Amino acid sequence: MKLRSMLFVPADSERKLDKALGSPADALILDLEDAVASSRKIEARNAAASFIATQANSLQSRLFVRINPLDSGMAMEDLAAVVVPGLAGIMLPKTNSASDVIRLGYCLDALEARAGMVAGSVRIVPVATETAPAMLNMQSFAGPVSRLVGITWGAEDLSAAIGAISNREEDGTLSPLYSLANSMCLCAAAATGTAAIDTLYADFRDNAGLAASCRISRRRGFRGRIAIHPDQVVTINEAFSPSEVELVHARRIVDAFAAQPDVGTLSIDGVMVDKPHLTQALRTLGLSGSCKPTEQ
Ligand code: COA
Ligand code: MG
């Protein structure tokens, strides 16, 4: 599943749903949670369900829904409405640990059967750092978790949960807790063999800033990023695709090892290259074109 860019679309907005249809985002996340006012939850749920039913063919494997949290009293009704053919995945907010993902998976088992969908076809992307217990339980993502396809993180809800005035220091850099959340997201994704999806870039008019931030994020190991505005999507897609120079270099590494299968370490342009470089090169080549987030 391609997950370079995941565009949030508030599901109660017909205009935004329409606009999203033309977006080159790898995935759309129809939001039922924080972008929707309490008074509009039911409209949003119904609109998401009919959008999926109508667009099942045109947007195949690209439609996610962010349901309300498992303990909100709304999650089961959200799921009952949106698990219909055409749904590719659920984004689970306020996830407290991998056991929440497993519990959601059991619900999906039943709902897929009811909808005549392939068992296990609905994938899950948790927002894994939005609560204090979630941070303490990140080790629960130390190995493969059924249905998981990616993991993302957020700094806004966590700071609200902690009671912090801001998630940034006075100089604008992320405070340590949120840097930790960012790093734990990378480790959890690697440990589960899924894609780390970076959190949103709020200033949606600043594409140069977004591009610079995505370059840092990709260097760190993120495979994709949340978008909150359609104008961010192309920048994100480009940032999370390997450049021509990277592809050529990766191909040289793979070819060099293929030419000398009994050699564990070799030199390219006077620089030592060994197993981790080969792993990275293979991943880069796997990323090209389809931008497959990871081997799953
Ligand atoms: N998805 C689809 N379409 C969107 C969109 C989105 N996330 N954000 C904006 N658009 C559409 C607008 O409807 C508008 O189209 P229109 O002229 O046909 O109405 C066009 O893109 C330009 O929008 P713009 O005027 O630049 O932005 P805005 O002021 O209308 O909206 C936000 C700004 C931040 C409110 C909006 O981008 C948004 O709702 N983002 C998603 C928020 C969200 O889901 N948050 C939860 C996750 S953190
Ligand atoms: Mg939130």
Side-chain angles (χ1 to χ4, degrees), residues 3-41 43-45 47-48 50-52 54-55 58-59 62-72 74-75 78 82 89-96 100 125-135 150-164 166-167 174 177-178 181-182 185 197-207 209-210 213-214 217 222 224-237:
L3 288 180
R4 291 168 307 177
S5 53
M6 300 187 83
L7 173 63
F8 264 115
V9 188
D12 64 332
S13 167
E14 207 175 317
R15 288 184 80 100
K16 288 175 186 166
L17 288 170
D18 271 357
K19 180 99 177 172
L21 280 175
S23 171
D26 288 340
L28 303 178
I29 311 164
L30 311 181
D31 192 24
L32 306 184
E33 201 218 6
D34 285 350
V36 176
S38 305
S39 57
R40 306 265 305 155
K41 292 287 186 188
E43 280 93 335
R45 179 189 290 151
S50 68
F51 187 84
I52 298 164
T54 324
Q55 304 303 333
S58 59
L59 294 176
R62 291 174 57 207
L63 283 176
F64 277 67
V65 172
R66 182 168 74 171
I67 59 169
N68 287 289
L70 287 178
D71 63 1
S72 65
M74 292 180 278
D78 290 344
V82 302
I90 295 291
M91 178 169 279
L92 184 63
K94 319 279 191 302
T95 304
N96 282 320
D100 281 352
V125 174
V127 194
T129 67
E130 288 189 311
T131 69
M135 290 299 294
I151 299 182
T152 189
W153 71 285
E156 308 302 332
D157 287 278
L158 181 58
S159 57
I162 296 291
S166 168
N167 50 34
L174 273 181
L177 178 62
Y178 313 96
N182 171 299
C185 177
I197 314 290
D198 205 357
T199 196
L200 60 91
Y201 186 83
D203 188 353
F204 59 86
R205 306 267 181 239
D206 177 14
N207 257 315
L210 171 65
S213 169
C214 288
S217 146
F222 285 97
R225 188 154 198 173
I226 298 293
I228 50 161
H229 190 284
D231 289 354
Q232 296 185 314
V233 169
V234 169
T235 305
I236 293 176
N237 281 351

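In each ligand, atom 1 is the first atom listed, and ligand 1 is the first ligand listed. Position 1 is the first residue of the sequence, and the numbers go up from there. Please read all numbers here as calculations on a predicted model, not as lab measurements.
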Nearest atoms (heavy-atom pairs only) where R225 meets S213
NH1-OG, 2.8 Å
Over all heavy atoms of both residues, which pair between C185 and I197 is shortest? Give the atoms and the distance, please.
SG-O, 4.4 Å
Sorted by chain and residue number, the side-chain hydrogen bond (donor to acceptor under 3.5 Å, both in side chains) partners of T235 (sequence neighbours excluded) come out as N207
Could you count the protein N, O or S atoms found under 2.8 Å away from the Mg ion (ligand 2)?
2
Salt bridge (charged side-chain N to carboxylate O under 4.0 Å, His left out) filter on E33, not counting sequence neighbours, yields R66, K94
Smallest separation among heavy atoms of A25 and S5, with atom names
CA-OG, 3.3 Å
Specify the closest pair of heavy atoms between F64 and I90, including all atoms of both residues, with the distance to one decimal.
CD2-N, 3.8 Å
Residues V82 and I52: closest non-hydrogen pair is O-CD1, 3.7 Å
Could you pull out every N or O of ligand 1 that sits under 3.5 Å from a protein N or O, with the distance for each pair?
unit_1   : atom_1 : unit_2 : atom_2 : d
ligand 1 : 7 (N)  : F8     : O      : 2.7
ligand 1 : 7 (N)  : I228   : O      : 2.9
ligand 1 : 18 (O) : R15    : NH2    : 3.4
ligand 1 : 19 (O) : R15    : NE     : 2.5
ligand 1 : 19 (O) : R15    : NH2    : 3.2
ligand 1 : 23 (O) : H229   : NE2    : 3.4
ligand 1 : 26 (O) : R205   : NH1    : 2.9
ligand 1 : 26 (O) : R205   : NH2    : 3.2
ligand 1 : 26 (O) : H229   : NE2    : 2.7
ligand 1 : 37 (O) : I228   : O      : 3.3
ligand 1 : 39 (O) : K16    : NZ     : 2.9
ligand 1 : 40 (N) : I228   : O      : 2.7

Okay, side chain of D78, backbone of N68: is any donor-acceptor separation there less than 3.5 Å?
yes
Are the side chains of D203 and Y201 in touch, meaning some heavy atoms are under 4.5 Å apart?
yes
